[in-house]
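In this text the structure is predicted, and so the values were computed from the model without any measurement. All chains are named by letter (A, B, ...) in the order of the sequence lines, taking the proteins before the strands, and each is independently numbered beginning at 1.
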Protein chains: 2
Amino acid sequence: MHVTLRQLKVFETVAQLSSFTRAAEALFLSQPTVSMQVKQLSEAVEQPLFEQLGKKIFLTDMGRELHATCREMFDTWSRFEMTAADMKGLKRGRLRLACVSTAKYFIPRLLGPFCDRYPGIDVQLEVANRDAVVERLAKNQDDLYIMGMPPQHFDIALHPFLDNPLIPIAPANHPLANKKRVPLKRFAEEQMLLRERGSGTRMATERLFRDHGIVIKARMEIGSNEAIKHAVAGGLGVTVISTHALTLEPLHGQLVVLDVEGFPIRRSWYVVHPGNKKLSVVAKTFFEYLQSEAPQHLQESIALPPHRTVRTTPGKRNG
Amino acid sequence: MHVTLRQLKVFETVAQLSSFTRAAEALFLSQPTVSMQVKQLSEAVEQPLFEQLGKKIFLTDMGRELHATCREMFDTWSRFEMTAADMKGLKRGRLRLACVSTAKYFIPRLLGPFCDRYPGIDVQLEVANRDAVVERLAKNQDDLYIMGMPPQHFDIALHPFLDNPLIPIAPANHPLANKKRVPLKRFAEEQMLLRERGSGTRMATERLFRDHGIVIKARMEIGSNEAIKHAVAGGLGVTVISTHALTLEPLHGQLVVLDVEGFPIRRSWYVVHPGNKKLSVVAKTFFEYLQSEAPQHLQESIALPPHRTVRTTPGKRNG
DNA sequence: ATCGATCATAGTTTTTAATCTATGAAAAAA
DNA sequence: TTTTTTCATAGATTAAAAACTATGATCGAT
């Protein structure tokens with residue numbers, strides 16, 4: 001069985017992109033070259049790796065197996081490259097991060113100083129909603145994942161690194177704006193704007209109400225925190241949102257935080273990775289950076305709308 | 001960084017054999033070819049991989065790291081090969097086993113039918129004493145390990161698959177031969193023949209006496225069960241031995257099992273592998289074969305010397 | 001001092017991997 | 001039907017990997 005790394009690389013790209021043609025483009029090769037590489041590999045394995053149904057190609061069982069093997073081998077190699085670079089004194093390599101959409105408000109603030117400190121590390125940040133990030137985690141597509149609600153049902157390692165309070169907000173002129181200790185039940189009577197299904201913020205909100213046996217009426221599902229804030233400011237309803245999503249410049253003065261029983265919902269941001277995965281030097285570096293630097297880089301950056309200030313608990317909590 | 005699998009293969013061989021010349025022989029290459037491959041690899045890594053002190057070569061830190069990487073990559077690949085072979089219908093591949101010396105009496109009996117059933121599987125059996133097997137385990141040199149006393153202090157998965165009673169034996173004309181319920185203390189006064197240090201049988205024996213606060217006088221250390229049996233038959237003393245080591249033809253009638261308090265020492269044979277290791281299909285197959293077939297293949301094959309029959313407990317136990 | 005073992009280097013040859021262009025075949029899209 | 005998209009095949013070329021022989025350097029052993 002004679003196989004070359006080149007063949008594996010080309011095959012992996014094809015598998016990734018589900019296309020010979022696009023793999024060729026990605027690798028700056030002609031399409032026949034790609035076909036040839038895959039063919040030779042397939043001959044070495046003595047089994048077809050792809051099957052073609054109409055225009056699309058699909059991995060065969062054998063192809064899937066080989067693809068996993070490729071990823072594992074390249075992963076091993078790139079971990080070595082990073083370790084080698086590390087041994088030579090410089091931190092170099094790629095860090096692939098995925099974070100849920102609400103985290104996009106503060107992750108870049110952390111990434112900035114991190115990239116300054118380690119100019120050799122090239123960071124890729126993927127932003128998606130909670131379910132999509134969990135799926136990436138399941139497929140092992142990134143090094144580390146940032147989320148507020150880590151999945152329970154599979155083997156992961158997780159560390160809380162930052163508080164993530166969720167608070168109720170309303171338009172500035174809302175009748176509840178000046179009330180103290182509004183009962184949760186009263187708040188639930190408001191028109192509620194929720195994030196889309198699969199959002200971690202939404203899951204936490206729904207759980208709070210469910211735990212109190214309260215049914216809420218969702219007026220609208222909105223797939224973005226920015227859009228929700230504007231909807232709230234526009235008087236369409238109220239919502240529950242992470243303090244981190246309140247970057248207030250554009251909406252200054254148009255939103256207030258309500259004083260509702262049961263709030264803030266106290267949660268943490270977690271950094272997560274598959275439990276059995278060996279982290280690269282680079283991933284470890286970022287991991288440690290998060291643990292040690294996240295609080296001070298963000299302490300001052302959380303600014304809240306007027307009328308009330310939410311106490312965010314200092315330090316970390318376990319969830 | 002341009003690296004080929006060939007380079008890695010050659011490097012791995014050199015690292016393994018600690019010699020360029022030996023590696024060249026093993027790979028049917030000329031020595032300069034090997035030098036060249038290693039040199040190119042070392043240039044790709046931009047660091048020396050070996051250092052030479054006198055005639056001998058040693059891996060540098062970087063070399064050690066790369067060696068581990070190689071092994072991991074080839075391991076991944078060979079797992080794929082086996083899976084691939086398996087997917088093609090025939091179970092094919094290599095099974096590397098290591099067992100402690102006492103297990104060599106019955107493991108071949110299991111291997112026979114196994115090889116018959118899976119003619120495509122090529123089995124390599126390494127036999128050594130308990131400590132040496134543990135060392136192989138630590139170095140991840142084999143697929144599965146058979147032993148009676150699995151190590152406690154590192155992460156392994158283990159399954160008992162067969163009872164392993166240890167019994168006291170003596171020459172046929174021994175004064176204790178016809179006694180019933182001999183006290184352990186009395187037995188300990190006999191001249192005791194022990195296996196060498198690092199033997200599992202010896203560890204279990206010593207533990208029994210230690211647990212009863214009895215100090216034994218070892219007359220002799222003997223590095224093999226066969227030799228010990230002959231020594232006992234020759235009247236040099238008594239010993240404690242696994243029933244599996246009593247393949248009796250040559251010594252029929254010359255040995256008796258004593259009826260001593262505290263015996264038989266009830267232990268199990270375990271099949272063991274590193275806890276985090278993904279087993280190959282072949283290894284899994286043998287693993288399952290052991291669990292399901294070991295008892296019936298060996299039920300009848302344990303024959304004991306006359307005078308007493310030791311009850312071996314049916315089924316498995318956990319240890 | 002000499003010999004033998006071991007690895008390195010140089011120079012060359014062989015082999016084969018990798019690539020391209022041109023073209024064909026199959027199936028979906030127009 | 002015609003066109004377009006996508007992958008496969010053929011044939012030829014280029015690049016480079018991999019191998020060898022011959023020789024040199026180093027160090028320990030004789």
Practice task
Take B:Lys9 and B:Glu12 through the salt bridge (Lys or Arg N to Asp or Glu O under 4.0 Å) test and state the conclusion after the steps.
Solution key: CA-CA 5 Å; B:Lys9 180 76 218 161; B:Glu12 192 209 14; 3.3 Å; yes
Practice task
Go through A:Glu288 and A:Lys284 one step at a time and tell me if the salt bridge (Lys or Arg N to Asp or Glu O under 4.0 Å) criterion holds.
Solution key: CA-CA 6 Å; A:Glu288 283 152 18; A:Lys284 261 195 218 113; over 6 Å; no
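Scanning for side chain to side chain donor-acceptor pair (under 3.5 Å) contacts around B:Lys39 gives an empty result, with sequence neighbours left out.
Panel note: side chain B:Thr60, backbone B:Pro48; a donor-acceptor pair is recorded below 3.5 Å. One N or O on the side chain of A:Tyr289 and one on the backbone of A:Leu110 form a donor-acceptor pair closer than 3.5 Å. The backbone N or O of A:Arg202 lies less than 3.5 Å from no partner atom in the side chain of A:Arg195, so there is not a single donor-acceptor pair. At least one donor-acceptor pair closer than 3.5 Å links the side chain of B:Arg130 to the backbone N or O of B:Met149.
For A:Phe74 and A:Trp77, the ring centers are positioned 6.0 Å apart or more. Aromatic ring centroids of B:Phe50 and B:Phe20 lie under 6.0 Å apart.
Rounded to the nearest 0.5 Å, atoms CZ (A:Phe114) and CG (A:Leu290) are 8.5 Å apart. If you take CG on A:Leu8 and CE on A:Met73, they are separated by 6.0 Å, rounding to the nearest 0.5 Å.
Within a heavy-atom distance below 4.0 Å of DNA chain D, the residues of residues 4-23 of chain B found are B:Thr4, B:Arg6. Contacts between residues 63-70 of chain A and DNA chain D, defined by a heavy-atom separation below 4.0 Å, involve no residue at all. For residues 29-41 of chain B, proximity to DNA chain D is found at B:Leu29, B:Ser30, B:Pro32, B:Thr33, B:Gln37, defined as any non-hydrogen atom under 4.0 angstrom from a strand atom.
In this structure, A:His2 reaches the C:dA17 phosphate: one of its side-chain N or O atoms is under 4.0 Å from OP1 or OP2.
For DNA chain D, the span of nucleotides reached by chain B at under 4.0 Å from its heavy atoms goes, 5' to 3', from D:dA17 to D:dC27.
Residue pairs meeting the salt bridge (Lys or Arg N to Asp or Glu O under 4.0 Å) criterion with at least one member in residues 62-71 of chain A, sequence neighbours excluded, are A:Asp61-A:Arg64.
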